[in-house]
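Scope of the values below: all heavy atoms of this structure, side chains included, with no hydrogens, waters or symmetry mates. In what follows, chains carry the letters A, B, and so on, assigned in the order in which the sequence lines appear, proteins first and then strands, with residues in each chain numbered from 1.
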Number of protein chains: 2
Amino acid sequence: MRSYGQYCSVAKALDVVGDRWTLLIVRELLSRGPCRYTDLRSGLPGIATNLLADRLRELEAAGLVEREDAPPPVATTLFRLTDRGAELAPVIDALGRWGVPLMRDHRADDAFRGQWLRLPVRMFLADHEPDRPASSIQIHAGDQAVVIDADAGRVSLRLGADPDADATVTGPPPRILALLSGSLDLADAEEQGLRVAGSHEAIRRVLPRAGTAAGEPEVTP
Amino acid sequence: MRSYGQYCSVAKALDVVGDRWTLLIVRELLSRGPCRYTDLRSGLPGIATNLLADRLRELEAAGLVEREDAPPPVATTLFRLTDRGAELAPVIDALGRWGVPLMRDHRADDAFRGQWLRLPVRMFLADHEPDRPASSIQIHAGDQAVVIDADAGRVSLRLGADPDADATVTGPPPRILALLSGSLDLADAEEQGLRVAGSHEAIRRVLPRAGTAAGEPEVTP
DNA sequence: CCGGATCCGGGTTGATACTG
DNA sequence: CAGTATCAACCCGGATCCGG
């Protein structure tokens, strides 16, 4: 990218990460951890493969990403954020938080990936009953399957399906997000296009509660 | 800008503010308040005038900026951030904070503007002696003149010169920034290319103190 | 299948000139 | 002062191809 040529830390930051796709690559590496080239490409639908290769080279040159040749069993190269690269997390968080109100306009051809729920999970969910045994919720958002775990006060997300989950929620991504953000009540979920099965307590355990986090933006579809 | 077409709040945010120059325009409006077109252009050295006009239109369409026809005495149009636009402050802050270590590489032809000190002043300075009467420091950074005021626990910055300032610091922007960020001690300032005059107490009153803010990045030139 | 490289058309940006 | 007009250069997107 052309430098802005301004002696200002915002401009200097954008000299490094202001290029198209660059911050989304960082988002992907932050939410998935070390990734193969192909994983990155599937997590960044729409990127041209030459651009991904270019950006990864630039990020490597800037010291934000390093490539690691994985050991023999897998024998593939992994891309991971350096510490300096991971320090962009507050930038991604701030952008993601500011963007929440924009999630109201969902276009039919918008792509969706399960790992993109990691930020809303961190932003909106909390384990309100940390003393209970661990519980999990299977989410089917569009064609993406993820599991939300609550355990000892911590809420986390993993990709994939878990047949032993305590509850299951199925529906289109915008409705799932509305539920997670607290703008759609669990009681109304079924009427709003969500299928909810299993333990409602496991779900209420992590959903935002009124007065819990004041000033949180919501996603009202 | 082309949409990324991803149902993710980070991508949606970048759909709106991810274009080249856009976030710098927001930075400028945040640090200067309502501005005339010409003020914006001078605060964004390097921008082409057609791009500034384009971006302002896009920002207006997105509801982040509104134009206001100023009353008869001045009779010019002002551009100001809407509330929604001002909510980008955490994004600018996060970028600016991440960019601080990049300030070490200052190129001779980098432009500099006094208002760009507003972010470092907020980030690094504090009024450590809130009970003393108000004091002020005149800064001459390159050809830019600003005044840092400390009053009743608050530190603020205004553009221009003030002949009644209690102290004066003169030098190139990188040295000024090193001093403000705490990586250059006031005692060493003179040897490092800064001219310091007047009350050193007024300066020490606001400079960061060891142990005051742990983990702050610094600018070591 | 993985991890790209290459090529090309079109859109965006940048620099300058000009105008109500 | 607040832009518009023009045009060249560059960057991006999409497709195709290639070596392990």
Side-chain angles (χ1 to χ4, degrees), chain A residues 1-6 11 14-25 28-29 32 34-62 65-80 109-111, chain B residues 1-6 11 14-25 28-29 32 34-62 65-80 109-111:
Chain A
M1 147 170 286
R2 255 183 93 89
S3 167
Y4 286 107
Q6 301 186 356
L14 290 173
D15 280 348
V16 178
V17 298
D19 256 329
R20 190 161 163 77
W21 289 107
T22 302
L23 280 175
L24 290 186
I25 293 173
E28 208 57 22
L29 287 170
R32 300 207 32 178
C35 273
R36 295 177 302 175
Y37 186 89
T38 310
D39 299 329
L40 283 173
R41 206 170 45 171
S42 87
L44 293 161
I47 197 173
T49 174
N50 59 341
L51 272 194
L52 179 53
D54 280 358
R55 294 291 179 270
L56 285 172
R57 250 192 309 273
E58 294 165 6
L59 285 169
E60 204 179 351
V65 161
E66 54 193 10
R67 74 182 69 202
E68 168 195 4
D69 291 320
V74 279
T76 182
T77 62
L78 293 181
F79 296 87
R80 66 166 71 241
D109 55 349
D110 273 349
Chain B
M1 146 171 287
R2 258 182 90 92
S3 167
Y4 285 106
Q6 301 185 357
L14 290 172
D15 281 348
V16 178
V17 298
D19 256 328
R20 191 160 164 76
W21 289 107
T22 302
L23 281 175
L24 290 186
I25 293 172
E28 208 57 22
L29 287 169
R32 300 206 34 176
C35 274
R36 295 176 302 174
Y37 186 89
T38 310
D39 299 329
L40 282 173
R41 206 170 47 172
S42 88
L44 295 161
I47 198 174
T49 175
N50 59 341
L51 272 193
L52 179 53
D54 280 358
R55 293 292 179 268
L56 284 172
R57 253 191 305 273
E58 293 164 11
L59 284 169
E60 204 180 349
V65 161
E66 53 194 10
R67 74 182 69 202
E68 167 196 3
D69 289 319
V74 280
T76 182
T77 62
L78 293 180
F79 297 88
R80 66 166 70 241
D109 54 349
D110 273 351

Self-check item: Closest to the B:T38 side chain, choosing from D:dC12, C:dG3, D:dA2
Solution: D:dA2
Practice problem: Calculate the interatomic distance between A:L24 atom CG and D:dC12 atom C1'; express it in whole Å. | Solution: 15 Å
Exercise. Calculate, to the nearest 0.5 Å, the distance between atoms CG and CG belonging to B:L78 and B:D39 respectively.
Key: 8.5 Å
Self-check item: Rounded interatomic separation in angstrom, taking CZ from A:R67 and P from C:dC2
Solution: 16 Å
Quiz prompt | ring-ring contact (aromatic ring centres under 6.0 Å, His included) partners of A:Y4, counting only residues at least two apart | solution = B:W21
Quiz item: Between B:D15 and B:G5, which heavy-atom pair has the shortest distance, and what is it?
Solution: OD2-N, 4.5 Å
Self-check item: Result of checking A:L51, A:L56, A:V17 against A:T22 for side-chain contact (heavy atoms from CB on, under 4.5 Å)
Solution: A:V17
Quiz item: Any side-chain N or O of A:R55 less than 4.0 Å from the OP1 or OP2 oxygen of D:dC12?
Solution: yes
Self-check item: Length of the CG-P vector between A:L56 and C:dC2, whole Å
Solution: 16 Å
Quiz prompt | Nucleotide D:dC1, atom C1' - distance to CZ of B:R41 in whole Å | solution = 9 Å
Quiz item: C:dG11 C1' sits how many Å from B:E58 CD, rounded?
Solution: 13 Å
Quiz item: How long is the line joining CG of B:L44 and P of C:dT13, in whole Å?
Solution: 15 Å
Practice problem: Starting from P on D:dC1, measure out to CG on B:D69 and report it in whole angstrom. | Solution: 16 Å
Quiz item: With no hydrogens and no angle check, is any side-chain donor or acceptor of A:R55 less than 3.5 Å from a backbone partner on A:R20?
Solution: yes
Practice problem: At under 4.0 Å between heavy atoms, which parts of nucleotides 13-20 of chain D does protein reach? Answer with one letter per nucleotide, 5' to 3': B base, S sugar-phosphate only, - none. | Solution: BBB-----
Quiz item: Between the main-chain N or O of B:T49 and the side-chain N or O of B:Y37, is there a donor-acceptor pair closer than 3.5 Å?
Solution: yes
Quiz item: Starting at CG of B:D39 and ending at C1' of D:dA2, how long is that distance when rounded to a whole Å?
Solution: 12 Å
